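Following: one structure in structure tokens, then a few remarks.
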Amino acid sequence: MPLNYSKWDQLELSDDSDIEGHPNVDKKSLIRWKQRDIHEKREMRKHKIQTLKAQIACNKVLLPRITEIEETLKNPPSDMTAPAYFSQLVEKLRTNPSRDCPPGNDPNKLEHTYDGMLLSLLTMVSEKSKEKLKEGHYAGEDIAQKLAKELAAEMGTHVKQLGETIERDQKELEEEEREQKKHITMDDLHDGFESKYVPPIPAPAPLAPVKPEKAKGKKKETTTTIEVLNPKAGESSTSAPAQEETSDNEDEEGLPELTPSLEAFSKIAVGDYEKSFEFIQKHRDVYVPGAADALLVAAFTAQGDGKTKYARQCVHQSLLIQYCEKLGRDGVGLFFKKMVSGDKRALKVFVDDFEKTYEHLANRVKVTKEEQNQAREQIQLVAENPDTIISFNVPEGPPPETLVLEGPGTEGMDVEEVRKALQFRWDVFESFAPEMKEALKSNKLEAVNKVLGEMDVAEAEALVGSLDMAGILNFAEGGIRDETGQ
């Protein structure tokens, strides 16, 4: 019984690792056939793309010219009829044509030039218009008018057809180019990174020098001293224990910033690998040492400002560069070949890493904000002696016009001096913000400290000084101090 080989007609080969050949055909031959088929299809696609581009470019030159001819035939000059204009144009193209032609055509051959193509079209339009006139059997004086209408109508048909042809070719070109991008070739991978260009393109400089990693577990320690409002009472006090504190100024020094190219690269949508690959090819300065770090710094800043979408984009683009760098010299080509082709395993590894990295960055931003809020320097009123009660002598208003001094200790006091002191206390109180006035009127230390904690240190220090100087701050002993970070 003869063997049936028809099942091998639909054989599809992906690569040389999963080819199962026929027992009578060696595997190497099948691989060579498949490779030859792939190269032939690739060359055919490249040729078709080039042909479509040439057709579109040529037709876009011709379309405005035949559109103008159609309009002139519909509305001829006042001193010339439409058939006369048409005949004059045909004669000019025949006797004195321009040698302008599409790239690659021979300008010495009339049929290869734009004028030659236009002459061929007009000749065909003339013949068809005359044939329609013969079929109509028009009288002598009506022929010229009818011919003008037929010429204009025939030109209008070609204008419409050429426009539709351009649109159809454009769609086909876009489809072919999309298909071509799905299959990255070595030509694509080396484009933009070839070192044999003439003149050679200098390699872009790194964004910033790579900083050495800090030793794990090593932290900078600084001491926090207590500023005592009453120096005598503070002589017996001891300084607060040392506290761990990070230096923001030191961390911010030397951080790489986004260049204009990197900023544009950071705005590419998450998962658009084709666009990212094309951008790196055209902008070599985004693939330099420090670029990945600059993108992470931008992501950290954006996340802190609440721009989560942009933060995710920056993290995504930073990881793209990091993965390419880890893959070595040809890392860009190797990485994007897997991403663009849709390698499921590679995509899963990268996407999982991206999500984890962004989540870690978002958590780090949250923790940093909390630490900053907790470590913010504040001025707080605290009694040195736990038995001391802090109260506030809040004036109810300015001193009255008639001021009478009564009670023990008022003997020998100058009424006018007392009036000035009371007026000064009222003026100081009136200069405070409404929040501080309400806190003082409540006569609660917690309320006053809450308002002080929300103020800048310098402003809070000045306010406490005013309270003490105006006599509003009241305490039995001189052990009042302000503490930072409590």
Side-chain angles (χ1 to χ4, degrees), residues 41 43-181:
K41 289 180 178 179
E43 290 302 318
M44 288 175 61
R45 184 178 292 110
K46 288 173 62 177
H47 178 71
K48 188 173 184 180
I49 289 175
Q50 293 173 354
T51 302
L52 287 170
K53 287 182 177 179
Q55 288 179 186
I56 293 171
C58 179
N59 289 337
K60 283 186 175 181
V61 173
L62 294 174
L63 182 59
R65 296 185 64 178
I66 65 174
T67 302
E68 182 182 0
I69 295 172
E70 179 202 9
E71 294 297 329
T72 306
L73 289 173
K74 290 180 179 179
N75 302 289
S78 57
D79 58 343
M80 186 182 301
T81 63
Y85 159 76
F86 189 87
S87 299
Q88 187 181 47
L89 180 59
V90 171
E91 186 64 22
K92 179 182 178 181
L93 294 174
R94 183 180 291 113
T95 58
N96 188 25
S98 169
R99 295 299 175 182
D100 290 342
C101 63
N105 284 15
D106 186 358
N108 296 319
K109 295 182 179 180
L110 181 61
E111 63 273 16
H112 286 190
T113 64
Y114 292 118
D115 279 6
M117 298 176 194
L118 191 57
L119 176 61
S120 176
L121 175 64
L122 295 181
T123 302
M124 182 172 58
V125 169
S126 176
E127 291 176 355
K128 287 189 176 181
S129 299
K130 291 178 180 178
E131 288 177 2
K132 289 182 179 180
L133 283 179
K134 291 179 180 179
E135 294 174 358
H137 304 290
Y138 296 99
E141 59 182 19
D142 297 329
I143 292 179
Q145 185 178 1
K146 186 60 180 177
L147 179 59
K149 292 181 179 180
E150 291 294 346
L151 290 172
E154 193 65 29
M155 285 301 299
T157 300
H158 286 283
V159 168
K160 181 180 178 182
Q161 290 177 350
L162 189 58
E164 293 173 349
T165 300
I166 293 174
E167 184 178 355
R168 184 179 64 252
D169 289 347
Q170 189 67 46
K171 290 181 180 179
E172 188 174 358
L173 175 61
E174 292 173 358
E175 182 63 29
E176 291 294 336
E177 288 179 336
R178 278 196 297 269
E179 186 66 25
Q180 185 185 49
K181 289 178 181 179

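Computed from a prediction, not measured in an experiment: that's the story for all the values here.
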Donor-acceptor contact present, side-chain Ser120 to main-chain Gly116, <3.5 Å: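 Between the backbone of Gly116 and the side chain of Ser120 there is no qualifying donor-acceptor contact (under 3.5 Å).
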Counting only N and O atoms by type, is there a donor-acceptor contact under 3.5 Å from the side chain of Asp169 to the main-chain atoms of Ile56? no
How close do [X] and [Y] get, counting heavy atoms only, and between which atoms?
X: Pro76; Y: Ala82; value: CB-N, 3.9 Å
X: Met80; Y: Ala84; value: CG-CB, 3.7 Å
X: Lys74; Y: Ala152; value: CG-CB, 4.0 Å
X: Phe86; Y: Ser126; value: CE2-CB, 3.8 Å

Is there side-chain contact between [X] and [Y], with at least one heavy-atom pair below 4.5 Å?
X: Leu119; Y: Val90; answer: yes
X: Glu154; Y: Lys132; answer: yes
X: Gln170; Y: Leu173; answer: yes
X: Ile69; Y: Tyr85; answer: yes
X: Pro102; Y: Val61; answer: no
X: Ser129; Y: Leu151; answer: yes
X: Pro97; Y: Tyr114; answer: no
X: Met155; Y: Leu122; answer: yes

How long is the span from the [atom1] atom in [X] to the [atom2] atom in [Y], to the nearest 0.5 Å?
X: Gln161; Y: Asn59; atom1: CD; atom2: CG; answer: 12.0 Å
X: Met117; Y: Leu110; atom1: CE; atom2: CG; answer: 10.0 Å
X: Gln88; Y: Lys92; atom1: CD; atom2: NZ; answer: 8.5 Å
X: Leu62; Y: Leu162; atom1: CG; atom2: CG; answer: 6.5 Å
X: Met44; Y: Ile49; atom1: CE; atom2: CD1; answer: 12.0 Å
X: Ile66; Y: Leu73; atom1: CD1; atom2: CG; answer: 11.5 Å

Does any pair with a residue in residues 99-123 pass salt bridge (Lys or Arg N to Asp or Glu O under 4.0 Å), and if so which ones, sequence neighbours excluded? Arg65-Asp115
Do Glu150 and Lys130 meet the salt-bridge criterion of a basic N to acidic O distance under 4.0 Å?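 Salt bridge flag = no for Glu150 with Lys130.
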For Arg168, is there an ion pair with Glu172 - N to carboxylate O distance below 4.0 angstrom? no
Residue pair Arg94, Glu91: steps toward the salt bridge (charged side-chain N to carboxylate O under 4.0 Å, His left out) verdict: CA-CA 5 Å; Arg94 183 180 291 113; Glu91 186 64 22; 3.5 Å; yes
Partners of Lys53 by salt bridge (Lys or Arg N to Asp or Glu O under 4.0 Å), sequence neighbours excluded? Glu177
Counterpart residues, salt bridge (Lys or Arg N to Asp or Glu O under 4.0 Å), relative to Glu175 (two or more places apart): Arg178
